[in-house]
Amino acid sequence: MKEGKIMLNPFQKIKQLERKIEIYECEKVTILKYVKQLEKENEEQQSIIHAKNKQIKELKKVRDRLKRQVEDSQAEIESWQAYIVADSEKIRRNINEH
């Protein structure tokens, strides 16, 4: 046996071990509560991530729609510019002919 260690009789040793078991059980409960809390937080975070991903998807749809609208508007502007140029040339020819 190690020096300085008091010899316990079997009943004292059993009591000592029972106290250790109680402490371990309390620690186990505390750890399980902490694990449950972490799982809950994780679930909440996953829910937030899911919602943000959904938002991102919707925003990308809006962005793509706006991009198409800009392209359509630019094409319409170019069409009107071509019309104005053609109409201006027509007016110039009419003026020059008279």
In Å and rounded to the nearest 0.5 Å, what is the CD to CD distance from Gln46 to Glu39?
12.5 Å

Check against side chain to side chain contact (heavy atoms under 4.5 Å, CB included), Glu44 and Lys40
CA-CA 6 Å; Glu44 290 169 356; Lys40 182 181 176 189; 3.4 Å; yes

Quick check for you: to the nearest 0.5 Å, what is the distance between Ser88 atom OG and Arg93 atom CZ?
10.5 Å

Look up atom NZ in Lys90 and atom OH in Tyr83, then write down how far apart they are to the nearest 0.5 Å.
7.5 Å

So with a 6.0 Å cut-off around CD of Glu43, is the heavy-atom count from everything else above 12?
no

Output the distance between atom CG (Leu8) and atom CD1 (Ile14), rounded to the nearest 0.5 Å.
11.0 Å

Under 4.5 Å between any side-chain heavy atoms of Lys33 and Gln37, yes or no?
no

Salt-bridge test for Glu58 and Lys61: reply yes if a basic N is under 4.0 Å from a carboxylate O, no otherwise.
yes

Nearest-0.5 Å distance that lies between atom CD1 in Ile56 and atom CD1 in Ile49:
10.5 Å

Testing Ile84, Val85, Ile91 one by one against Asp87 for a side-chain contact (heavy atoms from CB on, under 4.5 Å), which residue passes?
Ile91

The residue among Lys20, Glu27, Glu25 that forms side-chain contact (heavy atoms from CB on, under 4.5 Å) with Ile23 is Glu27

Is the shortest heavy-atom distance from the side chain of Ile48 to the side chain of Gln45 under 4.5 Å?
yes

Do any N or O atoms from the side chain of Ser73 and from the backbone of Gln69 form a donor-acceptor pair under 3.5 angstrom?
yes

How about CD on Glu76, more than 12 heavy atoms from neighbouring residues, nucleotides or ligands closer than 6.0 Å, or not?
no

Please round to the nearest 0.5 Å and tell me the distance separating atom SG of Cys26 and atom NZ of Lys28.
11.5 Å

Lys57 and Asn53: CA distance, side-chain angles, deciding distance, side chain to side chain contact (heavy atoms under 4.5 Å, CB included) verdict:
CA-CA 6 Å; Lys57 188 176 179 182; Asn53 283 339; over 6 Å; no

Between Gln16 and Gln12, do the side chains contain an N or O donor and an N or O acceptor separated by less than 3.5 Å?
no

